[in-house]
Amino acid sequence: MRLNGIEDEVLEGTSYNVYRGEMLHEFTKIATAVKDTVFLDNNIVNDKQYYYTVKGLTGAGESNFHPNIATVFSAENNDKITIQVVETKEDGYLVKVKLNKLQLKENDAFGIIINNVSYLNVEDIKIEGTRRPEETKQFQAFIPLSKVKQNSNYTIKAFITKQGKTLESALVNQHITTK
(Lines give C-alpha, C1' and ligand atoms only; values in the text may rest on other atoms or scores of the structure.)
Protein backbone atom coordinates (compact mmCIF):
# COMPACT_ATOMS: atom_id res chain seq x y z
CA MET A 1 0.00 0.00 0.00
CA ARG A 2 1.22 3.51 -0.72
CA LEU A 3 1.58 5.46 2.54
CA ASN A 4 1.45 9.01 1.29
CA GLY A 5 -0.40 9.99 -1.84
CA ILE A 6 1.18 13.44 -2.17
CA GLU A 7 4.94 13.04 -1.99
CA ASP A 8 7.01 10.57 -3.97
CA GLU A 9 9.49 10.29 -1.11
CA VAL A 10 9.35 10.57 2.66
CA LEU A 11 10.28 14.04 3.88
CA GLU A 12 13.36 14.46 6.07
CA GLY A 13 12.47 13.81 9.72
CA THR A 14 9.18 12.11 8.85
CA SER A 15 8.10 8.49 9.21
CA TYR A 16 4.78 6.68 9.49
CA ASN A 17 3.00 4.45 11.96
CA VAL A 18 0.74 1.97 10.14
CA TYR A 19 -2.53 0.76 11.66
CA ARG A 20 -4.71 -2.16 10.59
CA GLY A 21 -8.18 -3.37 11.55
CA GLU A 22 -10.82 -5.83 10.46
CA MET A 23 -13.57 -3.32 11.29
CA LEU A 24 -13.76 0.32 10.20
CA HIS A 25 -12.32 2.73 12.76
CA GLU A 26 -10.98 -0.07 15.00
CA PHE A 27 -7.23 -0.10 14.36
CA THR A 28 -4.17 -1.64 15.95
CA LYS A 29 -0.65 -0.40 15.25
CA ILE A 30 1.22 -2.96 13.15
CA ALA A 31 4.32 -0.97 12.14
CA THR A 32 6.26 1.87 13.75
CA ALA A 33 8.43 4.57 12.14
CA VAL A 34 8.21 3.29 8.54
CA LYS A 35 10.56 5.45 6.44
CA ASP A 36 9.26 4.51 3.00
CA THR A 37 6.28 5.47 0.85
CA VAL A 38 5.16 1.84 0.51
CA PHE A 39 4.25 -0.71 3.17
CA LEU A 40 3.79 -4.46 2.60
CA ASP A 41 1.80 -6.34 5.23
CA ASN A 42 3.03 -9.93 5.31
CA ASN A 43 0.84 -10.94 8.25
CA ILE A 44 -2.58 -11.27 6.66
CA VAL A 45 -5.02 -14.14 6.37
CA ASN A 46 -6.56 -15.04 3.01
CA ASP A 47 -10.27 -14.33 2.58
CA LYS A 48 -10.24 -11.54 5.18
CA GLN A 49 -10.83 -7.89 4.46
CA TYR A 50 -8.55 -5.39 6.19
CA TYR A 51 -8.70 -1.62 6.65
CA TYR A 52 -5.53 0.45 6.99
CA THR A 53 -4.67 4.00 7.96
CA VAL A 54 -1.47 5.82 8.87
CA LYS A 55 -0.26 8.51 11.24
CA GLY A 56 2.64 10.76 10.36
CA LEU A 57 5.48 10.79 12.88
CA THR A 58 7.82 13.79 13.27
CA GLY A 59 9.89 15.36 16.03
CA ALA A 60 6.67 17.01 17.23
CA GLY A 61 5.03 13.61 17.77
CA GLU A 62 2.38 11.53 16.08
CA SER A 63 -0.34 13.14 13.95
CA ASN A 64 -4.05 12.37 14.01
CA PHE A 65 -5.24 9.50 11.87
CA HIS A 66 -4.94 10.16 8.18
CA PRO A 67 -8.44 11.03 6.87
CA ASN A 68 -8.30 8.38 4.15
CA ILE A 69 -8.78 4.74 5.00
CA ALA A 70 -7.45 2.12 2.61
CA THR A 71 -9.36 -1.11 2.16
CA VAL A 72 -7.14 -4.01 1.19
CA PHE A 73 -8.26 -7.42 0.03
CA SER A 74 -6.49 -10.72 -0.25
CA ALA A 75 -5.11 -11.28 -3.73
CA GLU A 76 -6.94 -14.61 -3.68
CA ASN A 77 -10.29 -12.79 -4.06
CA ASN A 78 -9.29 -10.34 -6.77
CA ASP A 79 -10.17 -12.63 -9.65
CA LYS A 80 -13.38 -14.15 -8.24
CA ILE A 81 -15.64 -11.11 -8.61
CA THR A 82 -15.11 -8.48 -11.30
CA ILE A 83 -17.03 -5.30 -12.00
CA GLN A 84 -17.22 -5.33 -15.79
CA VAL A 85 -18.72 -1.92 -16.45
CA VAL A 86 -20.40 1.04 -14.76
CA GLU A 87 -22.90 2.66 -17.14
CA THR A 88 -24.18 6.19 -16.50
CA LYS A 89 -27.96 6.34 -17.01
CA GLU A 90 -30.36 9.29 -16.81
CA ASP A 91 -31.65 8.21 -13.39
CA GLY A 92 -28.53 6.57 -11.90
CA TYR A 93 -25.73 4.09 -12.58
CA LEU A 94 -25.95 0.49 -13.79
CA VAL A 95 -23.16 -1.75 -12.52
CA LYS A 96 -22.57 -5.08 -14.30
CA VAL A 97 -20.68 -7.77 -12.38
CA LYS A 98 -19.12 -11.03 -13.55
CA LEU A 99 -18.32 -13.99 -11.30
CA ASN A 100 -15.20 -15.78 -12.48
CA LYS A 101 -14.70 -18.68 -10.06
CA LEU A 102 -18.07 -18.56 -8.31
CA GLN A 103 -21.67 -19.33 -9.19
CA LEU A 104 -24.80 -17.75 -7.77
CA LYS A 105 -27.10 -20.13 -5.97
CA GLU A 106 -30.65 -19.53 -4.79
CA ASN A 107 -29.80 -18.54 -1.18
CA ASP A 108 -26.80 -16.32 -2.01
CA ALA A 109 -26.98 -12.61 -1.26
CA PHE A 110 -25.23 -10.40 -3.81
CA GLY A 111 -24.97 -6.80 -4.95
CA ILE A 112 -22.69 -3.81 -4.68
CA ILE A 113 -21.39 -1.55 -1.96
CA ILE A 114 -20.82 2.14 -2.61
CA ASN A 115 -18.79 4.37 -0.36
CA ASN A 116 -18.63 8.17 -0.48
CA VAL A 117 -14.90 8.85 -0.23
CA SER A 118 -15.40 12.62 -0.45
CA TYR A 119 -16.12 12.73 3.27
CA LEU A 120 -14.60 11.13 6.36
CA ASN A 121 -17.65 9.06 7.31
CA VAL A 122 -16.58 5.98 5.30
CA GLU A 123 -20.12 4.59 5.27
CA ASP A 124 -20.88 1.51 3.21
CA ILE A 125 -24.21 1.60 1.36
CA LYS A 126 -25.31 -1.85 0.19
CA ILE A 127 -27.47 -2.18 -2.90
CA GLU A 128 -28.95 -5.58 -3.76
CA GLY A 129 -28.24 -7.02 -7.16
CA THR A 130 -30.60 -8.64 -9.64
CA ARG A 131 -30.17 -11.42 -12.17
CA ARG A 132 -32.18 -13.50 -14.57
CA PRO A 133 -33.18 -16.86 -13.02
CA GLU A 134 -31.00 -18.87 -15.41
CA GLU A 135 -27.94 -16.63 -14.94
CA THR A 136 -25.39 -17.96 -12.42
CA LYS A 137 -22.15 -16.21 -13.47
CA GLN A 138 -23.21 -12.54 -13.55
CA PHE A 139 -25.56 -10.01 -12.03
CA GLN A 140 -26.23 -6.30 -12.11
CA ALA A 141 -27.15 -3.63 -9.60
CA PHE A 142 -28.64 -0.19 -10.11
CA ILE A 143 -27.54 2.85 -8.08
CA PRO A 144 -30.39 5.39 -8.19
CA LEU A 145 -29.46 9.07 -8.04
CA SER A 146 -31.31 9.25 -4.71
CA LYS A 147 -28.53 7.10 -3.14
CA VAL A 148 -25.69 9.48 -4.07
CA LYS A 149 -24.89 13.08 -3.10
CA GLN A 150 -23.99 15.77 -5.60
CA ASN A 151 -20.32 16.75 -6.03
CA SER A 152 -19.09 13.50 -4.51
CA ASN A 153 -16.81 10.59 -5.39
CA TYR A 154 -17.86 7.01 -4.67
CA THR A 155 -15.92 3.76 -4.78
CA ILE A 156 -17.83 0.70 -5.91
CA LYS A 157 -17.21 -2.89 -4.97
CA ALA A 158 -19.29 -5.98 -5.68
CA PHE A 159 -20.06 -8.62 -3.07
CA ILE A 160 -21.51 -12.08 -2.78
CA THR A 161 -22.43 -13.80 0.49
CA LYS A 162 -22.43 -17.59 0.42
CA GLN A 163 -23.32 -19.54 3.57
CA GLY A 164 -22.54 -16.53 5.77
CA LYS A 165 -19.13 -15.83 4.18
CA THR A 166 -18.82 -12.59 2.20
CA LEU A 167 -16.37 -12.08 -0.65
CA GLU A 168 -15.83 -8.67 -2.24
CA SER A 169 -14.27 -7.46 -5.46
CA ALA A 170 -11.11 -5.40 -5.49
CA LEU A 171 -11.44 -1.60 -5.59
CA VAL A 172 -9.47 -1.08 -8.77
CA ASN A 173 -10.59 1.90 -10.87
CA GLN A 174 -14.25 1.34 -10.01
CA HIS A 175 -15.79 4.63 -9.03
CA ILE A 176 -18.41 7.22 -9.91
CA THR A 177 -18.23 10.99 -9.63
CA THR A 178 -21.45 12.95 -9.25
CA LYS A 179 -21.91 16.56 -10.31
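Values below: every heavy atom of this structure, side chains too, minus hydrogens, waters and symmetry copies. As the structure is a prediction and not an experimental result, all values here were calculated from the model.
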For residues 102-113, which residue pairs qualify under salt bridge (charged side-chain N to carboxylate O under 4.0 Å, His left out), counting only residues two or more places apart or in two chains?
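Residue pairs passing salt bridge (charged side-chain N to carboxylate O under 4.0 Å, His left out), neighbours aside: Asp108-Lys162.
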
In chain order, what residues pass the salt bridge (charged side-chain N to carboxylate O under 4.0 Å, His left out) check against Lys96, with sequence neighbours excluded?
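With neighbours one apart ignored, the set is Glu87.
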
Membership question, hydrophobic clusters at under 4.5 Å side-chain separation (ILVMFWY): are [Y] and [X] in the same one?
{"X": "Phe27", "Y": "Leu57", "result": "no"}
{"X": "Val34", "Y": "Val54", "result": "yes"}
{"X": "Ile114", "Y": "Val86", "result": "yes"}
{"X": "Ile125", "Y": "Val148", "result": "yes"}

Are the side chains of Val97 and Phe110 in contact, using a 4.5 Å heavy-atom criterion?
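Of all side-chain heavy-atom pairs linking Val97 with Phe110, none is under 4.5 Å.
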
Close side-chain approach of Thr32 to Tyr16, heavy-atom, < 4.5 Å
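A side-chain contact under 4.5 Å is absent here.
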
Got a second to check how far [X]'s [atom1] is from [Y]'s [atom2], nearest 0.5 Å?
{"X": "Phe159", "Y": "Leu167", "atom1": "CZ", "atom2": "CG", "value": "11.5 Å"}
{"X": "Glu168", "Y": "Ile81", "atom1": "CD", "atom2": "CD1", "value": "8.0 Å"}
{"X": "Asn116", "Y": "Ile176", "atom1": "CG", "atom2": "CD1", "value": "9.0 Å"}
{"X": "Lys55", "Y": "Asn17", "atom1": "NZ", "atom2": "CG", "value": "8.0 Å"}
{"X": "Lys157", "Y": "Lys126", "atom1": "NZ", "atom2": "NZ", "value": "9.0 Å"}
{"X": "Ile112", "Y": "Thr155", "atom1": "CD1", "atom2": "OG1", "value": "10.5 Å"}

Please indicate whether Glu128 has more than 12 foreign heavy atoms, meaning atoms of other residues, nucleotides or ligands, lying under 6.0 Å from its CD.
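Atom CD in Glu128 is not packed in, count stays at 12 or less.
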
Grab the two heavy atoms, one from Lys147 and one from Tyr154, that are nearest each other, plus how far apart they are.
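Where Lys147 meets Tyr154 most closely, the heavy atoms are O-OH, 4.1 Å.
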
Would you check, one step at a time, whether the test side chain to side chain contact (heavy atoms under 4.5 Å, CB included) holds for Ile160 with Lys80?
CA-CA 10 Å; Ile160 181 171; Lys80 293 181 181 177; over 6 Å; no

Going by side-chain contact (heavy atoms from CB on, under 4.5 Å), name the residues that satisfy it together with [X], two or more places apart in sequence or in a different chain.
{"X": "Glu22", "answer": "Lys48, Tyr50"}
{"X": "Asn153", "answer": "Val117, Ser118, Thr177"}
{"X": "Ala60", "answer": "Thr58"}

Side-chain donor-acceptor distances from residues 136-143 under 3.5 Å, at least two apart:
| from | atom 1 | to | atom 2 | distance (Å) |
| --- | --- | --- | --- | --- |
| Lys137 | NZ | Leu99 | O | 3.4 |
| Lys137 | NZ | Asn100 | O | 3.1 |
| Lys137 | NZ | Leu102 | O | 3.0 |

I'd like to know whether Tyr93 forms a side chain to side chain contact (heavy atoms under 4.5 Å, CB included) with Ile156, so could you lay out the CA-CA distance, the side-chain angles of the two residues, the decisive distance to 0.1 Å, and finally the verdict.
CA-CA 11 Å; Tyr93 304 89; Ile156 305 170; over 6 Å; no

